[in-house]
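Per chain, numbering begins at 1; letters A, B, ... match sequence-line order.
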There are 2 protein chains.
Amino acid sequence: MELIKRNTDYALRALVHMAETANDTIHPLGELAAVTGAPETFLRKVVQKLDAAGVVATRRGRGGGVCFQKDPDVITVLEVVEAVQGPVAINKCFVSNRECAGRRDCLIRRNLGGIQTDLTDLLREATVGTLARRASQA
Amino acid sequence: MELIKRNTDYALRALVHMAETANDTIHPLGELAAVTGAPETFLRKVVQKLDAAGVVATRRGRGGGVCFQKDPDVITVLEVVEAVQGPVAINKCFVSNRECAGRRDCLIRRNLGGIQTDLTDLLREATVGTLARRASQA
DNA sequence: CTTTTATAGGACTATTTTAGTCCTCTATTA
DNA sequence: TAATAGAGGACTAAAATAGTCCTATAAAAG
Ligand code: FES
Ligand code: FES
């Protein structure tokens, strides 16, 4: 089981790269694809999700590209993961609880739910800004 | 992203059920399948993995079935997850680090590795025994 | 010693998720 | 109005997950 899928990996790489320049710099997808190693068409989908989530803004046309819509210091890793991969859940039931039908006594819901909270808290502690600063040190 | 897949879910349900009786009770697969809601043939595969991991022991033939090989209080949720699903990792690289080739500066490895440790620690804190005791309370 | 009961284990299939491609459309600006 | 850059949907490929099936083997009862 991998917590971070390829699309989130690409997203984090792109965001950290962006955080290493001035926040209002516009980065065309081609540049982000090159630096992240992601196929450009695939990265575009990822960026669209970050856009929909309000993490980045995009501009079309000549001189267009991607820039931050928020300060990288307030963009949490959780936010990025959820934007590109969808919800982080302990099991299917914590995504849509219709799955629980007929199992109201389920031990997962009753006993492991707390782990979900602890996990999301962990992912909320790291921000793109802190990652970028640590990444730029030797 | 779901932390706990169906096979682990079945495993935990079966183990908690087993923990509610004396530790040396032998439970045939049919019984475990009925109580967990898992298809018997599928649950057999899960049990085989728990057996290989030393969590349960199995006996063939008449009167055979599954019983604990360790005290439920020392069986951690992490152990169960790893036995049936395989390793818990932050991304592919933390499963086999051959994936990192050419990306020695990767921000995931450098900055998010700690989250992996924190997550496995969380899963190590809960044991089958504690789950069973909590599950049997109203 | 053979029938019955129960797991072992491998090959196979189906379904879902993840990853990636492609094509047409629209916005921007030189 | 041509060139550039993202939007967005339909499509395909690959991998992981979930489940089935069939033959073999072990244990105990008769
Ligand atoms: S059946 Fe829904 S949490 Fe277990
Ligand atoms: S390339 Fe291996 S941890 Fe990122």
Is there a path of hydrophobic side-chain contacts, each under 4.5 Å between heavy atoms, that joins A:Met1 and A:Val77? yes
Starting at the 5' end of DNA chain D and moving along, which residue's nearest nucleotide shows up first, A:Gly65 or A:Glu2? A:Gly65
Determine yes or no for a side-chain-to-main-chain donor-acceptor pair under 3.5 angstrom, with B:Thr36 supplying the side chain and B:Leu32 the backbone. yes
When rounded to the nearest 0.5 angstrom, what is the spacing between CE in A:Met18 and OG1 in A:Thr25? 8.5 Å
Joint cluster assignment, A:Val88 & A:Ile90, ILVMFWY side-chain distance < 4.5 Å: yes
According to the side-chain hydrogen bond (donor to acceptor under 3.5 Å, both in side chains) rule, which pairs have a member within residues 37-55 of chain B, sequence neighbours left out? B:Asp51-B:Thr58
What's the CZ-P distance between A:Arg6 and D:dA13, to the nearest Å? 18 Å
Looking at A:Thr117 and A:Thr120, what are the two nearest heavy atoms and their distance? O-OG1, 3.0 Å
Do side-chain atoms of A:Gln85 reach the backbone of A:Asn7 as a donor and acceptor pair under 3.5 angstrom? no
Identify, with sequence neighbours excluded, every residue that meets ring-ring contact (aromatic ring centres under 6.0 Å, His included) alongside B:Phe68. none
Nearest heavy-atom approach of A:Leu131 to A:Leu12 is CD1-CD2, 4.4 Å
Which residues share a side-chain contact (heavy atoms from CB on, under 4.5 Å) with B:Pro87, sequence neighbours left out: B:Val95
Salt bridge (charged side-chain N to carboxylate O under 4.0 Å, His left out) pairs touching residues 22-32 of chain B, sequence neighbours excluded, are none
Report each atom pair, protein N/O against N/O of nucleotides 26-29 of chain D, whose distance is under 3.5 angstrom.
| residue | atom | partner | partner atom | Å |
| --- | --- | --- | --- | --- |
| D:dA26 | O4' | B:Arg60 | NH1 | 2.9 |
| D:dA27 | O3' | B:Arg59 | NH2 | 3.2 |
| D:dA28 | OP1 | B:Arg59 | NH2 | 2.0 |

Can you sort out which residues in residues 21-30 of chain A have a heavy atom within less than 4.0 Å of DNA chain C? Ascending by number, please. none
DNA chain C-proximal residues of residues 39-51 of chain A, any heavy atom under 4.0 Å: A:Pro39, A:Thr41, A:Phe42, A:Lys45
Rounded to whole angstrom units, what separation is found between the NZ atom of B:Lys92 and the C1' atom of D:dA14? 10 Å
Pairwise salt bridge (charged side-chain N to carboxylate O under 4.0 Å, His left out) hits with a residue in residues 62-71 of chain A, at least two apart: A:Lys70-A:Glu79
Give me each pair satisfying ring pair (Phe, Tyr, Trp, His ring centres under 6.0 Å) with a member in residues 19-56 of chain B, each pair once, sequence neighbours excluded. B:Tyr10-B:Phe42, B:His17-B:His27
Should B:Asp9 and B:Arg13 count as an ion pair when the cut-off is N to O under 4.0 Å? yes
Give every residue pair that meets the salt bridge (charged side-chain N to carboxylate O under 4.0 Å, His left out) criterion with at least one member in residues 116-126 of chain A, sequence neighbours excluded. A:Asp121-A:Arg124
Hey, what bend do you get for the helix from C:dC1-D:dG30 to C:dA30-D:dT1 if you fit axes on five pairs at each end, rounded to 10°? 10°
Opening and closing nucleotides of DNA chain C in contact with chain B, under 4.0 Å to non-hydrogen atoms: C:dT4 to C:dA11
